[in-house]
Protein chains: 2
Amino acid sequence: MLRRLRYRAGMHSGRLVGRGGATLASLARELGVSRTTVSNAYNRPDQLSPALRERVMKAAERLGYAGPDPVARSLRTRKAGAIGLLLTEQVSYAFRDPAAVAFLEGLTLECDRAGIGLLLVPASPDSDDVRSVTRAAVDGFVAYSMPEDDPFLAAMLARPVPTVISDQPATDAADLVGIDDRAAMRNMADHLISLGHKRIGVICMRLGRDQHNGVVDERRQEGAGYHVQRNRLAGLRDGFEAAGVAWDRIPVVERFDHSIAAGASAAGQVLELDPGITALVATSDVLAMGAIGELRRRHKRVPQDISVTGFDGVKAALDAGVTTVSQPVTAKGREAGRLLLDPAVRHRARQVMLPTTFVAGTSTAPHHG
Amino acid sequence: MLRRLRYRAGMHSGRLVGRGGATLASLARELGVSRTTVSNAYNRPDQLSPALRERVMKAAERLGYAGPDPVARSLRTRKAGAIGLLLTEQVSYAFRDPAAVAFLEGLTLECDRAGIGLLLVPASPDSDDVRSVTRAAVDGFVAYSMPEDDPFLAAMLARPVPTVISDQPATDAADLVGIDDRAAMRNMADHLISLGHKRIGVICMRLGRDQHNGVVDERRQEGAGYHVQRNRLAGLRDGFEAAGVAWDRIPVVERFDHSIAAGASAAGQVLELDPGITALVATSDVLAMGAIGELRRRHKRVPQDISVTGFDGVKAALDAGVTTVSQPVTAKGREAGRLLLDPAVRHRARQVMLPTTFVAGTSTAPHHG
DNA sequence: TTGTAGGCGTTATCAA
DNA sequence: TTGATAACGCCTACAA
C-alpha cells in the first residue's frame with residue numbers, strides 16, 4: 001500500500017506535471033484515451049481521426065510532452081537507428097588524420113543515404129574498459145584499422161550485430177574492406193629498384209599495441225598485430241630480395257604515433273643507423289612528409305640526395321609531389337557503409353578489395369651509383 | 001491460455017535457444033538464480049561470490065549471451081551515454097569542410113575525456129523529416145552553425161535534453177559558444193581602408209535556407225537567417241560607412257554551396273558587376289581561396305591588382321598567406337563539449353565568446369589610387 | 001550474498 | 001477508428 005501511494009504521488013508530481021516528465025501513458029490518461037491512440041498520433045497519423053490527433057498534439061504541447069521517448073522506442077522496435085564506429089585511437093584522433101577523415105566522409109555518405117546515425121564510440125587506448133563498446137546502442141559496427149589483439153575489437157565482435165572491418169584485422173567474424181597492401185608495396189619496391197636504389201631505409205607505423213619506438217627486428221615485423229603494416233613491409237621485402245638485396249641489412253624504424261613529428265624523428269634515426277641510404281620508404285604519407293621535412297632540415301636534397309616514398313595518397317602528399325600509392329579511402333568508407341547498410345549488398349561478398357594506384361611524384365629520382 | 005502457451009514456447013525456442021536471443025532473465029532461469037544476480041555479475045562483480053560469477057559468465061558464453069542489452073539498460077538508467085551533433089548539411093559535408101573538422105576534433109576531445117559517444121545525426125537539408133532528431137538516443141545535443149528557421153533545430157530544441165549551439169543561432173533555449181563576428185569583420189574593413197581600398201566587392205556564404213545564388217540586396221542581408229553571415233556583413237558595412245563609402249554601391253554576391261568552386265564563380269560574378277574593384281572580401285577562407293584561383297585565372301594579380309581577404313583561419317588559407325581572421329575553431333568545439341559534459345561548467349555562464357585574431361597575410365596590399 | 005518485484009516508456013497484435 | 005494487453009530487457013530498492 002505504501003508503495004502504491006508513492007507511485008500515485010509520482011504520477012502527479014514527477015509525471016504529469018514535472019518538467020519533461022510527461023509520458024505517452026500520462027498523456028493518454030489525461031486525455032482519457034488509450035496509449036495506442038497517442039502512439040498512433042505520432043507514428044501513424046492516418047490511423048486516427050484528424051480531430052483526435054489534433055487534441056493529442058495540443059495536450060502534448062500543454063503538458064510539455066516532446067514525443068515518444070527514443071530509447072523506449074528502440075527497446076520495443078529493436079532498432080537503434082545508428083551504427084557505431086570503432087577506432088584504435090581516441091575519437092578525436094580521427095579528425096587529425098587525413099586518411100581517417102576521408103574514410104569517415106565515405107562512411108557518412110552512406111549513413112546519410114540510409115538516414116542512419118553514426119555513433120563515434122570512445123575507446124581510450126590506455127584503458128581496457130570496453131564498456132563503451134558493450135553499451136553502445138547500435139545496429140551494427142564498423143571498425144577502422146585495428147590491431148588483432150585489441151580488447152575493444154573483441155568486445156565489438158562479441159556483440160550480436162553485423163560488423164564490417166576496414167583494413168584490419170582480417171577475421172571471419174566480420175566482413176572486410178581493404179586493399180592489397182603487399183602487392184602495392186611490392187610495386188613501390190620495384191619502382192625504387194628500377195631507379196637504381198639498393199641501399200634504403202624504412203620507417204613504419206606502429207606494429208603492435210605496445211608503445212614501441214625504434215628499430216624493428218624481423219621477429220617483430222612478422223609478429224606485428226597490425227597486418228596492414230606487416231603486409232607493407234612484406235611487399236617491400238619481396239621486391240628487394242627479388243633484386244638481390246638482403247632485407248636484414250635494411251634499417252626499419254617504427255613509431256607509435258602517427259604524425260609529422262614522428263616521421264621526422266624516425267627519419268633522423270634511420271639516417272643515424274645508415275647515413276649512406278639513397279632512398280627512404282615510409283609506410284604512410286604522413287610519415288613521409290615528416291621525413292622530407294627532416295631531410296631538408298639536414299640539408300639533404302629530396303630527391304637528388306635521397307628519394308622518399310609514402311603510402312595512402314592523401315591530398316597534402318599528392319600536392320607536395322610525394323611518390324606514393326594512392327588508395328581510395330573515401331570509397332573504402334562508402335563500401336564499409338554499403339556492406340553494413342545496403343540490404344542488396346548485405347548478403348553478397350564478404351571481402352571487398354579495392355584497387356590502388358601507383359603515383360610517381362617528384363620525391364623520387366634515379367640513383368647513379 | 002492460448003497466449004500463455006505461446007509465451008512459453010517463445011521462452012524455449014526464441015529465447016533460451018535461439019541465436020543471440022538469450023536475455024538476462026533467461027540466463028537467470030537457466031542457472032536457477034535471480035535476475036539480480038546475473039545483473040550484478042556484469043555491473044557489480046564485487047556484490048557476488050567469484051564462484052557464482054564464474055558460473056554466470058560460463059553459462060552466458062554457452063548460451064551466447066553477450067551481456068546486458070544497451071538499449072534496455074539505457075531505458076532503465078535514463079542515460080544514453082552519447083550526445084548528438086546536428087549540422088545544416090548532410091553529415092558527410094562535415095568531413096569536407098576544414099573548419100567543421102577542426103570543430104569536431106575539439107568536441108570529440110571532450111567526449112573522449114568524458115567517455116561519452118558522439119552521434120552524428122543525419123539531417124538531409126532537402127527534407128523536413130525531422131524524425132532522425134526526434135529519435136536520437138542522446139543525453140544532449142550540439143548544433144553546429146544552423147539557420148534560425150531550421151526545422152531540425154526546432155526539433156532538437158523541443159527535446160528535453162540540454163543543448164549547446166555553436167555560432168548560430170542565438171536563442172535562450174540553448175547555450176551558445178561563438179565569436180564576435182561583427183567586430184572581427186569591422187577590423188578587417190578597417191585594415192582594407194587603411195590600405196586605401198574604397199571600391200570593393202563581397203562574396204558571402206548562404207544567407208538563408210532557400211537556395212539563392214547571386215546578388216544580395218540590403219533586405220536580404222538584414223533578414224538573413226544565418227546571423228553569423230549577417231554579422232560579418234554588418235561589420236564590413238560598419239567599417240566602410242564609417243570611412244564614407246556608400247554600402248549600397250558595393251556588390252555582394254551570395255553562394256549556397258560552400259566550396260572552392262563556389263568562391264571562384266562568385267568572384268567572377270562580382271567582377272562582372274564591378275570590374276573596377278581593388279579588393280574582394282570573402283566571408284570565409286574557402287570562398288577566398290576559390291576567389292584567388294579565379295582571379296589568377298583571369299590574369300589579375302593578387303594582391304597587386306586586387307586584394308583578397310578571408311575568414312576563419314583554416315590551415316590551407318594560412319599556408320597560402322591569405323589575410324584573414326583566425327578563429328579558434330577547435331577551442332570552440334572543446335568549449336561546446338565542456339558546456340554540455342563538464343558538470344562544473346554546466347551551471348555557469350551560458351554564453352561563451354571566444355577571441356579572434358587578425359592575420360595579415362600576403363593577399364592584401366596597399367592600393368594607390 | 002542472493003532474491004523479489006516493480007517500473008522505465010514504448011509498440012505490436014489483435015479485438016472491438 | 002479506437003482500445004486492451006502483452007511484451008521489449010533491464011536496474012535497483014528493499015527484503016531475506
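Protein chains get the first letters and strands the later ones, always in sequence-line order, with residue 1 at the start of each.
The separation between A:Y42 atom OH and C:dG9 atom P is 15 Å, rounded to whole Å. Whole-Å rounding puts the B:D69 CG to D:dC8 P distance at 12 Å. Regarding B:L31, its CG atom lies at a distance of 12 Å from the P atom of C:dT2, rounded to whole Å. Taking atom CD of B:Q47 as the reference point, atom C1' of C:dT2 lies 10 Å away to the nearest angstrom. What separates CZ of B:R29 from P of C:dG3 is a distance of 14 Å, to the nearest Å. Between B:E30 atom CD and D:dG9 atom C1' the separation is 18 Å, expressed in whole Å. Atom-to-atom, CZ of A:R135 to C1' of D:dG9 comes out at 15 Å; the value is rounded to the nearest Å.
Between A:A100 and A:A94, the closest heavy-atom pair is CB-O, 3.5 Å. Considering all non-hydrogen atoms of both residues, A:R159 and B:P70 come closest at NH2-CG, 3.5 Å. When all heavy atoms of A:V56 and A:L31 are compared, the closest pair comes out as CA-CD1, 3.8 Å.
Using a 4.0 Å heavy-atom distance criterion, A:Y65 is classed as a sugar-phosphate-only contact. At the heavy-atom level, A:R35 lies under 4.0 Å from base atoms of the strands shown. Using a 4.0 Å heavy-atom cutoff across all strands shown, B:L24 reaches sugar-phosphate atoms only and no base atom. Note on B:L75: a base of the nucleic acid sits closer than 4.0 angstrom, heavy atoms only. Nucleic acid contact for A:V33: sugar-phosphate only, since backbone atoms but no base atoms lie under 4.0 Å from a heavy atom of the residue.
Using a 3.5 Å distance cut-off with no hydrogens or angles, the side chains of A:T36 and A:S39 do not pair a donor with an acceptor.
In terms of polar N and O atoms assigned as donor or acceptor, the side chain of B:T36 comes within less than 3.5 Å of the base of D:dT12 in a complementary pairing. The base of D:dC11 sits with one of its N or O atoms less than 3.5 Å from a complementary donor or acceptor on the side chain of B:R76.
Between A:N43 and C:dT11 there is a side-chain N or O to OP1 or OP2 distance below 4.0 Å. Remark: B:S49 is not in phosphate contact with C:dT1, judged by side-chain N or O atoms under 4.0 Å from OP1 or OP2. When the side-chain nitrogen and oxygen atoms of B:R73 are compared with OP1 and OP2 of D:dC11, one or more of them lie within a distance under 4.0 Å. OP1 and OP2 of C:dT10 both lie 4.0 Å or more from every side-chain N or O belonging to A:S39. Taking 4.0 angstrom as the limit, A:S34 places none of its side-chain polar atoms (N or O) nearer than this to OP1 or OP2 of D:dT2.
With distances taken from any side-chain atom of B:R78 to the nucleotides C:dC8, D:dC8, D:dG3, the minimum falls on C:dC8. Listed candidates were C:dG9, D:dT12, C:dA12. Nearest to the side chain of A:R44 is C:dA12. For B:T23, counting side-chain heavy atoms from C-beta on, the closest listed nucleotide (D:dG9, C:dA12, D:dT2) is D:dG9. Here C:dT2 is the nucleotide among C:dC8, C:dT2, D:dC11 with the atom lying nearest to any side-chain atom of B:L52.
Atom CZ of A:R131 sits in a sparse spot, with 12 or fewer heavy atoms from other residues, nucleotides or ligands closer than 6.0 Å.
The nearest heavy atom of DNA chain C to B:A72 and to B:G32 marks one nucleotide each, and the one closer to the 5' end goes with B:G32.
Counting only distance, with no hydrogens or angles, the side chain of A:T108 and the backbone of A:C111 share no donor-acceptor pair below 3.5 Å.
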